[in-house]
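Atoms within a ligand are numbered from 1 in the order they appear, just like the ligands themselves.
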Amino acid sequence: MRLLAAQDRLAAFRGGFPAVPLSARRIAGLLDAPGCVRRQVVDAACVPIDDLAALVGCPPAGQSPFALARARQFERLVTDNDMGPLLRLVRELLGLPVTAAREKDLSASQVSMQFRRSDTAFRAELTRRYVREMLDGDDRAVNLLRSPILELAIGGVPMPVEPDAVAYAATGPLHPVEIRSFPCVDGFAEPGQVSAAARQTAVQVLATRELVVRLGHDPQRVSTHGLLVLPENFSLNATGEILDVAPQARRLRRYLDDFPRLDALARHVPEGVELPHPRQPGTGEPSREAAAQAADALAVLPSRFTDGCVGCPLFAFCRAEANAVGSVARLGSLAANVCGDVSTVEQALALAHGERTPVTAAESAVAAELGRAATALALATR
Ligand code: SF4
């Protein structure tokens, strides 16, 4: 299948859903679910995955309304007063001699207010313009850019990427800045949250480097040293730490290099299989028929249910599917790896207890392995 035909097939699969730019959070999440064609197709088709997950009955993921309100309040405090709190951290921790913030907010709402249009292509064009000025060393250039639209080649095709809340502080190299609302207590922030922030920063670094190369500059103009801004202790005062996301950027680069090409992914989508319009005309509510159509469309895509799926918005849907067929994947990735080609718990137990004759060499190996485990368990519990 040629690339254009593949893009058409994926656009047809998207059905009534609008195409959305991929967030850095979403691309970073791909690292937890390698090799799942279902997730790869949904991402490559730029389907709004949270809306799709809600339509097929998955509970909303992400932060509570309280946490979201707190995050917005903290971001406002950090960026208030001509970005005073942020500039202090940029100077102290990144060592940049920035005395004033020349900020540009390229979020859809701000761009729409200023230009009366806010489509993704236009915001990407504005991003290119401001990053070019930053790289050219123009003294009057913006030095803090928020909510830009970048592009990252995924499956051989540039995909729009919208970082959640990002700024680039520029004087010399460009440094990514992330503002998060989880606390840094006595100098320590929760490692899981810091690691998630680092992976998302790595997405921004790679996407910005691709832009920098397209603008004719050295990709090293984008530093892997980012500034993570957090609330200090239990207050809303800003503190920060430097993150070196070079390892995360290397891992993500390898993952993206191995990502299937779009034409290979599109072949997994049978002709005529498409997602519904998520809302009924008139009521604006999702319908039962739409939910069923979306579930059927997802079900035809091969999935790979693993321990990493817990962070995927479609987790509840895929877990219910794995339960329904008695998949060994429900026992965890370790058990699924031991079982190899044997896909259901029922088959695995039958092989372990010698009640089923292995029909392939792989099944024989699994039967021997599980048989040994069953014997050891029997001895241990005697
Ligand atoms: S939850 Fe489902 S769609 Fe998401 S990565 Fe896992 S198997 Fe794939």
Return the minimal non-hydrogen interatomic distance between Ala329 and Ala336, and the atom names on each side. CA-CB, 4.1 Å

Any side-chain to backbone donor/acceptor pair from Glu133 onto Val142? Under 3.5 Å, distance only. no

Do Ser107 and Asp105 have side-chain atoms, one donor and one acceptor, less than 3.5 Å apart? yes

When every non-hydrogen atom of Arg39 is compared with those of Cys312, the smallest separation belongs to NH1-SG, 3.5 Å

Can you tell me how the ring of Phe315 sits relative to the ring of Phe305, calling it parallel under 30°, perpendicular over 60° and tilted otherwise? parallel

Looking only at protein heavy atoms, which one is nearest to atom 4 (Fe) of ligand 1, and how far off is it? Cys312 SG, 2.4 Å

List the atom of Ala189, the atom of Leu230, and the distance in Å for their closest heavy-atom pair. CB-CD1, 3.7 Å

Enumerated ligand 1 atoms positioned under 4.0 Å from heavy atoms of Cys318: 1 (S), 2 (Fe), 3 (S), 7 (S)

Atoms in ligand 1 flagged as close to Ala33, the criterion being non-hydrogen separation under 4.0 Å: 5 (S)

Atom 8 (Fe) of ligand 1: closest protein heavy atom, distance to 0.1 Å, is Cys36 SG, 2.2 Å

Enumerated ligand 1 atoms positioned under 4.0 Å from heavy atoms of Phe315: 1 (S)

Side chain, backbone, both or neither: Arg319 near ligand 1, heavy atoms under 4.0 Å: neither

For a distance under 2.8 Å, tell me if Cys309 has an N/O/S atom near atom 6 (Fe) of ligand 1. yes

